[in-house]
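The structure presented is a predicted model; accordingly, all values stated were derived computationally and were not measured. Every chain is numbered from 1 and lettered A, B, ... according to where its sequence line falls, protein lines coming before strand lines.
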There are 2 protein chains.
Amino acid sequence: MTRVTPQPRNLPQECSDCPIRHKAVCARCESDELEQLEAIKYYRSFEAGQTIVWSGDRMDFVASVVTGIATLSQTMEDGRRQMVGMLLPSDFLGRPGRETSSYDVNAATDLVLCCFRKKPFEEMMLRTPHIGQRLLEMTLDELDSAREWMLLLGRKTAREKIASLLCIIARRDASLHLRGPGAPLRFDLPLTREAMSEYLGLTLETVSRQISTLRKEGLIVTEGKRQVTIPDFDRLLEESGDDSDGGLLG
Amino acid sequence: MTRVTPQPRNLPQECSDCPIRHKAVCARCESDELEQLEAIKYYRSFEAGQTIVWSGDRMDFVASVVTGIATLSQTMEDGRRQMVGMLLPSDFLGRPGRETSSYDVNAATDLVLCCFRKKPFEEMMLRTPHIGQRLLEMTLDELDSAREWMLLLGRKTAREKIASLLCIIARRDASLHLRGPGAPLRFDLPLTREAMSEYLGLTLETVSRQISTLRKEGLIVTEGKRQVTIPDFDRLLEESGDDSDGGLLG
DNA sequence: TCTCAACCTTGACATAGATCAAATCACATG
DNA sequence: CATGTGATTTGATCTATGTCAAGGTTGAGA
């Protein structure tokens, strides 16, 4: 397994007053809640490529991504796989009120999770409405992005899919780094070609070919396998089939 | 626009003590909450084919589906469309905390909504944690089904997509009617070929051809355009590519 | 520096599903 | 009962993407 060192990132979502440091679960940082969360939390690290939970496994924790990327995938009996979730730092993993995982959870890069034992977390949710409210917001956001993703899977061409994914990653990367607009974007592709193909509902060969095409056309510049530079974000965005408004940091 | 008369259904989710009669928003039927809900609710009816809200429109209500089917769709600039949500009786429509709709909302059949003015509904949610909790549960369920749908869009063949959709509709129809297992399933297809193609990420011609193929193979029986009978549910389910456990009423 | 294994790229060919074009059906209306 | 219109079916063809197969790169570790 190739490793991608998790970059310590400059999290804008970070909650500086809070030892857990993730607004994901600590929306207002009230001290009694923090104390309760402290008591039930623990960290876990994973190497790139490792499977964290298999679909159907018992899962007795929920978690917040600290660094790295986790993916959720579904598998059909004959082995066809589709990624259905990509979790970046501060995203929430796990479903309160469910015993077993419905998805395979994988570490796409080296990964650190901040886990909370599920039972006490759920009890705390009942006592502390704003945690549930925050979770509802996050779940609604995830539902929105799942629906964008459905449009991509159902209606976009291979080229549009690749352009969309590059824009999505660039955007999230930029927002994590709080880069100024206008600057050419340069980042590490955190996914293998295979992971990209699982994200996009394509084969790995098609992914590779489309990336080559975009490179030849000058829409992207690559160094090595993973370093990507986007000289003109808006031009790439036009290839993605998305409405072109709502720019890089929208 | 062809009309499909909304069947008054025997809702198992119906909450008989409650004038709103939808557990969707009235989880425990406590009387003071009911009174508050009564004060902000109103009904709206739509004909099959009507657009309820356009993507980007202001939407100052949330709602619960009473009878009929509503769909959520996304549209690309060049007109390609993908359905991203299908709401059946007791499902919830609208996103608390958002001013405008992100999707086109359409009536797939004749439709009755029980609407609640958004502002007071949101205020009530803050005062009444269990409504938020119930909404979180429903949103998590929707997220799960969106993810199943992503697998369908990304990895299933046209034949598997059609079989899946028929099973989904049959299952939901059966659960609404509380039919016994074993009986052959007979129901009205509540979607046009075009709506099915938008659901499945296919063209309408491919949908039609696959349905014809399944008919010729005896997996389904059709009368007219919309009446469908599934003589052997499990056999159809095998064609859907889904894990075959979790039978009709699972 | 060399080697190896994992990852990626490219080519040739096959095919599922899209596209374009005609029927045909079936129901509401006169 | 005839008619017209939108929905559906079916056919012929095209093409984007999948499949199979062979090389090429890259980077970690010896």
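- Direction of the helix axis in the helix from C:dT1-D:dA30 to C:dG30-D:dC1 shifts by 40° between the two five-pair termini, rounded to 10°.
- Using a 4.0 Å cut-off between charged nitrogen and carboxylate oxygen, A:Asp78 and B:Arg155 do not count as a salt-bridge pair.
- Outside the 6.0 Å centre-distance limit, the rings of A:Trp54 and A:Tyr103 are not counted as a close aromatic pair.
- Between the CG atom of B:Leu204 and the C1' atom of C:dC25 there is a distance of 15 Å, given to the nearest Å.
- Within the structure, every side-chain polar atom (N or O) of B:Ser208 is placed at least 4.0 Å from both OP1 and OP2 of D:dT10.
- Atoms CG (B:Leu153) and C1' (C:dA16) sit 16 Å apart, rounded to a whole Å.
- Side chain to side chain, B:Asn106 and B:Thr51 meet the donor-acceptor criterion of an N or O pair below 3.5 Å.
- Computed from coordinates, the B:Ile162 CD1 to C:dG17 C1' distance equals 12 Å when rounded to whole Å.
- Between A:Glu217 and A:Arg235 there is no salt bridge, since no side-chain N of the basic residue sits under 4.0 Å from a carboxylate O of the acidic one.
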Completion exercise
Its contact letters, B for base, S for sugar-phosphate only and - for none at protein heavy atoms under 4.0 Å, make nucleotides 11-18 of chain D read BB----SS
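- The side chain of A:Thr192 places no N or O atom within less than 4.0 Å of a non-bridging phosphate oxygen (OP1 or OP2) of C:dA6.
- A:Glu198 has its CD atom 15 Å from the C1' atom of C:dC7, to the nearest Å.
- Each of B:Lys225 and A:Arg215 has a nearest nucleotide on DNA chain C; the 5'-most of these lies closest to A:Arg215.
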Handout entry: salt bridge (Lys or Arg N to Asp or Glu O under 4.0 Å) assessment of B:Asp141 paired with A:Arg95
Key = CA-CA 10 Å; B:Asp141 286 341; A:Arg95 169 161 178 169; 2.9 Å; yes
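- Atom P of nucleotide C:dA26 and atom CD of B:Glu223 are separated by 12 Å, given to the nearest angstrom.
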Exercise for the section: Output, in order, the C-alpha distance, side-chain angles, deciding distance and verdict of salt bridge (Lys or Arg N to Asp or Glu O under 4.0 Å) for A:Glu239 and A:Lys161. Expected result: CA-CA 9 Å; A:Glu239 299 295 330; A:Lys161 286 178 175 181; over 6 Å; no
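- For B:Leu191 and D:dA7, the CG to P distance is 14 Å, given to the nearest whole Å.
- In this model, a donor atom of one side chain and an acceptor atom of the other lie less than 3.5 Å apart for A:Thr75 and A:Arg81.
- Going from atom CZ of A:Arg226 over to atom P of C:dA6 covers 15 Å, rounded to whole Å.
- Side chain to side chain, B:Thr222 and B:Arg215 meet the donor-acceptor criterion of an N or O pair below 3.5 Å.
- In terms of modelled atom types and a separation under 3.5 Å, the side chain of A:Thr109 and the main chain of A:Gly68 share no donor-acceptor contact.
- What separates CD of B:Glu194 from P of C:dA18 is a distance of 14 Å, to the nearest Å.
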